[in-house]
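As structure tokens, the structure follows; a few thoughts come after it.
We name chains A, B, ... by the order of the sequence lines, and we start the count at 1 in each one.
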Amino acid sequence: MQEQYRRPRGTQDVLPEASERLEALRRLTRGVTARYGYGEIQTPVFEQTAVFVDGVGEGTDIVQHERYTFTDAGGVSLTLRPEGTAAVARAYVEHNMATWPQPVRLYYWQPMFRRERPQAGRFRQHTQYGIELVGSEHFSADAEVIAVGVRILAEVGKAPQVLVNSMGDEVCRPRYREALVSYYTDHFEALCEDCQARLRINPLRLLDCKRDVGLKAGAPDIADYWCEACRAHFDGVTALLGAMDVRWTRDSGLVRGLDYYHRTVFEIQDPALGAQSTLIGGGRYDGLANRVGAAGRTPGVGFGAGAERLLLTLPPEYGQNRRPRVFVARVGDGQDAFLCAEQIRRAGLAADVDVMGRSLKAQMKDAARRAAWVVIAGGREWAEGRAPVRDLASGSTEEVALGDLVGYLAERVGADRP
RNA sequence: GUGGAUGUAGCUCAGUUGGUUAGAGCGCCAGGUUGUGGCCCUGGAGGCCGGGGGUUCAAGUCCCCUCAUUCACCCCA
């Protein structure tokens with residue numbers, strides 16, 4: 001086959017079935033989030049490039065290699081949104097949300113763009129659902145955010161395991177970082193190529209190495225370097241998780257790649273996904289708002305969840321509640337059928353009608369694929385004020401007076417009406 | 001960006017040591033039933049065998065390049 005035009009690499013056409021799944025998930029997240037008091041925010045698909053460069057951090061992969069950046073006709077550098085938090089922080093500052101009653105609870109459901117090499121569960125455009133709890137420094141805010149993530153997964157039938165860690169703060173992180181660098185510098189020769197680079201660029205990520213040759217075990221643990229405040233914060237968060245019966249484990253190697261993270265970081269994974277196992281990832285970002293122009297200290301916690309990735313872990317029937325529809329089959333010229341379908345729709349039910357000019361037999365065949373009930377319009381019975389209504393599941397046909405037709409169908413299609 | 005695997009009909013695949021007009025199942029359309037689906041039967045549409053180049057009398061089959069998909073690394077949702 002000759003295909004001249006193809007969708008860009010790593011993007012997807014969301015066809016009706018997938019669309020329904022996505023929409024079902026969106027409804028679910030919206031419902032859960034609303035119960036926790038979060039309001040939706042929608043930010044532009046693109047921002048001034050500086051929002052992400054300053055917000056996410058110059059040294060991160062996201063801004064270094066994965067940006068979709070362009071210059072518009074006015075010479076302004078714009079970047080397609082690669083992640084949600086920096087944009088929300090920008091909006092928080094721009095709209096003076098610091099003057100709103102604190103904390104401010106926001107959630108978003110938006111497409112994100114990163115120029116990565118696609119693979120299972122990783123796309124160049126994906127939909128991310130995320131929440132941000134801005135304005136509270138208290139550990140219970142972290143626990144609430146994690147609870148929302150756990151709740152979402154529980155509602156789709158998962159019993160999630162939460163990985164938590166603390167990256168420390170401006171007091172203790174530098175001390176730890178120093179210890180880590182000195183430890184790995186002593187073992188420089190044993191490090192893989194990537195890790196030798198990490199040592200310079202982002203030493204904390206050394207802990208992430210998957211080709212570790214046993215160095216990790218002897219590496220200093222950040223928990224031993226936490227200052228009193230960070231330790232208390234971590235204990236507070238995990239105590240609340242425990243009290244909620246959330247299964248959590250501390251992962252001393254869990255570090256997130258974005259510069260704005262501070263103290264709590266967490267991930268919720270699903271091993272079914274292979275390499276891209278992180279369903280939800282997030283943490284606390286107390287300094288972020290300042291990076292994008294906030295005057296005072298504006299703490300915050302949040303997470304992002306990949307919608308398509310989450311869908312990959314759900315059974316195919318998720319979100320596929322096929323609603324019974326009514327099919328109006330045509331006998332004769334078709335005007336009766338066409339108008340009958342209109343009547344049914346006006347009553348709030350879903351109805352299909354043949355627009356192919358097919359034979360009755362072909363219409364029946366078609367109806368069997370897309371409907372649960374068939375009304376035959378325009379024939380002998382119709383002329384006498386009745387219509388045969390066939391139940392495709394049982395195969396039985398009943399004749400219904402035209403005046404009662406809509407009511408008859410409404411009663412049977414009932415709760416399944418769209 | 002790096003490495004591996006895979007590209008034949010809408011889908012899943014077959015195509016023998018390179019050899020005439022490239023096949024199957026499912027799906028789709030129509031007919032068998034001038035007014036009735038699911039089973040069955042018959043017929044039909046639909047392929048420059050991902051693209052380009054090369055070797056050969058001859059290439060879906062061999063070689064090179066390229067593009068795409070996919071898995072892993074990297075990174076992340």
Within this structure, what is the [atom1]-to-[atom2] distance between [X] and [N], rounded to whole angstrom?
{"X": "Gln363(A)", "N": "U34(B)", "atom1": "CD", "atom2": "P", "result": "14 Å"}
{"X": "Arg7(A)", "N": "C67(B)", "atom1": "CZ", "atom2": "P", "result": "18 Å"}
{"X": "Leu279(A)", "N": "A77(B)", "atom1": "CG", "atom2": "P", "result": "12 Å"}
{"X": "Arg117(A)", "N": "C75(B)", "atom1": "CZ", "atom2": "C1'", "result": "13 Å"}
{"X": "Gln110(A)", "N": "A77(B)", "atom1": "CD", "atom2": "P", "result": "15 Å"}
{"X": "Tyr260(A)", "N": "C76(B)", "atom1": "OH", "atom2": "C1'", "result": "11 Å"}
{"X": "Glu116(A)", "N": "A77(B)", "atom1": "CD", "atom2": "C1'", "result": "9 Å"}
{"X": "Arg115(A)", "N": "C76(B)", "atom1": "CZ", "atom2": "P", "result": "18 Å"}

Please evaluate the base of [N] for a donor-acceptor partner in the side chain of [X] within a cut-off of under 3.5 Å?
{"X": "Arg122(A)", "N": "C74(B)", "result": "yes"}
{"X": "Arg369(A)", "N": "G37(B)", "result": "no"}
{"X": "Arg9(A)", "N": "U69(B)", "result": "no"}
{"X": "Arg198(A)", "N": "C74(B)", "result": "no"}
{"X": "Glu66(A)", "N": "G1(B)", "result": "no"}

Name the pairing partner of [N], where a pair is Watson-Crick or G-U wobble with both distances under 3.5 Å, or state none.
{"N": "G35(B)", "answer": "none"}
{"N": "U6(B)", "answer": "A68(B)"}
{"N": "C73(B)", "answer": "G1(B)"}
{"N": "U21(B)", "answer": "none"}

Quick one: label [X] by what it contacts on the DNA or RNA (base, sugar-phosphate, nothing), any heavy atom closer than 4.0 Å.
{"X": "Gly130(A)", "value": "nothing"}
{"X": "Ala393(A)", "value": "base"}
{"X": "Tyr129(A)", "value": "nothing"}
{"X": "Pro388(A)", "value": "base"}
{"X": "Gly379(A)", "value": "base"}
{"X": "Ala367(A)", "value": "nothing"}
{"X": "Gln125(A)", "value": "nothing"}
{"X": "Arg380(A)", "value": "base"}

Taking atom CZ of Arg7(A) and atom CG of Asp13(A), what is their separation to the nearest 0.5 Å? 5.5 Å
Look up atom CD in Glu66(A) and atom CD in Glu116(A), then write down how far apart they are to the nearest 0.5 Å. 4.0 Å
Cation-pi check, Arg105(A) to Tyr107(A): give yes when NZ or CZ is under 6.0 Å from the six-membered ring centre and within 45° of the ring axis, no otherwise. no
Could you check whether the rings of Phe113(A) and Tyr68(A) sit parallel, tilted or perpendicular, using 30° and 60° as the cut-offs? perpendicular
Relative to the 5' end of RNA chain B, which residue comes earlier, Ala362(A) or Thr397(A), by the nucleotide with the nearest heavy atom? Ala362(A)
His126(A) or Met356(A), whichever maps to the more 5' nucleotide of RNA chain B: Met356(A)
Please report the distance separating the P of G54(B) from the corresponding atom of A58(B), rounded so that it comes out in whole Å. 12 Å
Using the C1' atom in both, what is the distance from C62(B) to U16(B), to the nearest Å? 16 Å
From Trp109(A), Tyr108(A), Tyr129(A), residue fulfilling side-chain hydrogen bond (donor to acceptor under 3.5 Å, both in side chains) relative to Thr33(A): Tyr129(A)
Looking at the side chain of [X], which of [options] is the nearest nucleotide?
{"X": "Lys365(A)", "options": "A77(B), C75(B), G37(B)", "result": "G37(B)"}
{"X": "Arg390(A)", "options": "A77(B), C75(B), G38(B)", "result": "G38(B)"}
{"X": "Ser359(A)", "options": "C29(B), U36(B), G31(B)", "result": "G31(B)"}

Check the geometry between His65(A) and G1(B) and answer yes if their rings are stacked (centres below 5.5 Å, planes below 30°), otherwise no. no
Looking at Gln119(A), I'd like to know whether one of its side-chain N or O atoms comes within less than 4.0 Å of OP1 or OP2 on A72(B). yes
Can you find a side-chain donor-acceptor pair between Asp169(A) and His233(A) that sits under 3.5 Å? no
Among side-chain atoms of Ser140(A) and His138(A), is any donor-acceptor pair under 3.5 angstrom? yes
